[in-house]
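See below for the structure under consideration.
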Amino acid sequence: MAVSIRPDLTSRIYPEADPTCCSITLAAGIDHFDRLPDSLLILVFNKIGDVKALGRCCVVSRRFHSLVPQVESVVVRVDCVISDDDTSNSSSSDKSRSSASSSGFSSIFRMVFGGIVKPFQALGQLLGPKRNGPLSVGSSGGGNDDDAGEMDQGGVTHHSPTQVLKNFNEIRFLRIELPSGELGIDDGVLLKWRADFGSTLDNCVILGAASVINNGHYPPVATTDLVCANAGGDDNGSIPESFYTNGGLKLRVVWTISSLIAASARHYLLQPIIAEHKTLNSLVLTDADGQGVLCMNRDQLEELRVKPLSASSASKRTLVPALNMRLWYAPHLELPNGVVLKGATLVAIRPSEQTSAKKEVCDLSWVSTAFEEPYGTAAKMLVKRRTYCLEMNSF
């Protein structure tokens, strides 16, 4: 007997007519975003934060276009740093060599700091106003070629952060992220810094290590046991004699000066943004490598507006004042998570005027909380070791 596999259309069950279908159909043409209050949309835009994503939101509707400039929290991720002096390097290099050869100090300076000079020049072009060299935040759209801080390259229009932020009226929290750190360091070397600025340097913390070794993960260790976890052999917290003879001290001086130059260069270049956005409560300039972080709170931002910074005569950066420094060192520092820092060094820096006015500064919480984990733990361990005091002149 043949069996039919065709469906029996007569037995199909249809739902009864829903009297609300008509009203649902009529409501389907309504844009439900129009029902949301402006305050809720601005809250959503604040959660988005990213300036390029907010730019895309602007073209969705006229309403979005009018609300985005009211965003209070903005993140600017710099795509690239384009230096406009690449083509002139060959012609200027001969002059640089001839002038430098007449001075032994100049050759030492080139050897120590040569790797960071060009990134600082590019960074200046990146953040500075009215520059037509490098630009940071790319967009596929066009733009006004006459606008300062814009350049069309390969069909992509680049804008400086100053240009990108000019249409935001209510920024309170601003974070700018560079594509990488300015300081070129060897693979395996650890170098991190955090600096707080007002009109000048308020404080800076630098953490470095000659090498980082990951031995695996271990159970967490209580904070009170951190020193015991690190102690071993005859280590009494003192700096070994070899530290002074094998170039260890010289290397730490280079790390310190390089980090201070990087921080002061970033601070100098933020002036136009700070001057234009008077609603700012917090400003952070960091990099994707996590190498350096510059922070300014509301009081520090206002201080810079009221008291202009002192610029270095040698380059476009803020003058670093005379400093008092505290240094902690450990030849071998094993962290609770199994990471081992060889030649771990922590430097806490404050202006001499500030420390002399406060006499004795016993609270080191600003040092031990400067870095995220696991390096925050490293700082807590190092400050429990013997402290060495140093001084540095203004530069």
Nearest heavy-atom neighbours spanning [X] and [Y]:
X	Y	answer
Leu54	Gly49	CD1-O, 3.5 Å
Leu270	Leu283	CD1-CD2, 3.8 Å
Leu341	Ala209	CB-CB, 4.0 Å
Cys204	Leu201	CB-CD1, 4.1 Å
Ser73	Val71	O-CG1, 3.3 Å
Ile48	Cys57	CD1-SG, 4.1 Å

Treating [X] as the side-chain partner and [Y] as the backbone partner, does any N or O pair qualify as donor plus acceptor under 3.5 Å?
X	Y	result
Asn324	Glu391	no
Lys192	Phe371	no
Ser394	Val320	yes

With a cut-off of 6.0 Å (strictly less than), are more than 12 heavy atoms of other residues, nucleotides or ligands near [atom1] of [X]?
X	atom1	value
Glu373	CD	yes
Arg298	CZ	no
Asp34	CG	yes
Glu276	CD	yes

Within this structure, what is the [atom1]-[atom2] distance for the pair [X] and [Y], rounded to the nearest 0.5 Å?
X	Y	atom1	atom2	answer
Ser259	Ile206	OG	CD1	4.0 Å
Leu327	Ile239	CG	CD1	5.5 Å
Arg317	Ser310	CZ	OG	12.0 Å
Thr318	Tyr268	OG1	OH	8.0 Å
Asp289	Leu191	CG	CG	11.0 Å
Leu382	Thr377	CG	OG1	11.0 Å

Check your understanding: Which residue pairs pass the side-chain hydrogen bond (donor to acceptor under 3.5 Å, both in side chains) test with at least one member in residues 35-51, sequence neighbours excluded?
Key -> His32-Arg35, Asp38-Arg63, Asp50-Arg77

Could you tell me whether the side chain of [Y] reaches within less than 4.5 Å of the side chain of [X], counting heavy atoms only?
X	Y	answer
Val284	Cys295	yes
Trp193	Trp255	no
Ile171	Leu165	yes
His332	Val340	yes
Val51	Phe168	yes
Phe197	Leu294	yes
His65	Leu67	no
Ile274	Arg305	yes

Co-membership, hydrophobic cluster, residues [X] and [Y], 4.5 Å side-chain:
X	Y	value
Leu249	Ile257	yes
Phe173	Val68	no
Ile42	Val75	no
Ile213	Ile185	no

**Study point:** Over-ring placement of Arg350 relative to Trp366, 6.0 Å and 45° cut-offs
**Key:** yes

[options] screened by side chain to side chain contact (heavy atoms under 4.5 Å, CB included) with [X], the one that passes:
X	options	value
Val76	Leu174, Leu285, Ile273	Leu174
Arg326	Leu346, Val347, Leu364	Leu364
Leu190	Thr345, Val339, Leu207	Leu207

Study note, to complete from the structure: Residues at least two apart in sequence or cross-chain that pass salt bridge (Lys or Arg N to Asp or Glu O under 4.0 Å) with Arg172, listed by chain then number, are Glu72

Point to revise | Candidate pair Val78 and Ile176, rule side chain to side chain contact (heavy atoms under 4.5 Å, CB included), full reasoning | key: CA-CA 7 Å; Val78 174; Ile176 301 175; 4.2 Å; yes

Study note, to complete from the structure: Tested for side chain to side chain donor-acceptor pair (under 3.5 Å) against Ser199, the lone hit among Glu303, Glu302, His267, Gln300 is Glu303

Exercise for review: May I have the step-by-step check of side chain to side chain contact (heavy atoms under 4.5 Å, CB included) for Leu260 and Leu323, ending in yes or no?
Suggested key: CA-CA 11 Å; Leu260 289 169; Leu323 304 170; 3.6 Å; yes

**Study point:** Ion pair Arg266/Glu182, N-O distance below 4.0 Å
**Key:** yes

Point to revise | Set of ring pair (Phe, Tyr, Trp, His ring centres under 6.0 Å) partners for Phe243, sequence neighbours left out | key: Tyr329

Review point. Run the side chain to side chain contact (heavy atoms under 4.5 Å, CB included) check on Ile261 and Phe395 step by step: do they pass?
Key: CA-CA 9 Å; Ile261 290 177; Phe395 64 92; 3.9 Å; yes

**Study point:** Derivation and outcome, side chain to side chain contact (heavy atoms under 4.5 Å, CB included), residues Leu333 and Met381
**Key:** CA-CA 8 Å; Leu333 191 71; Met381 296 170 70; 3.8 Å; yes

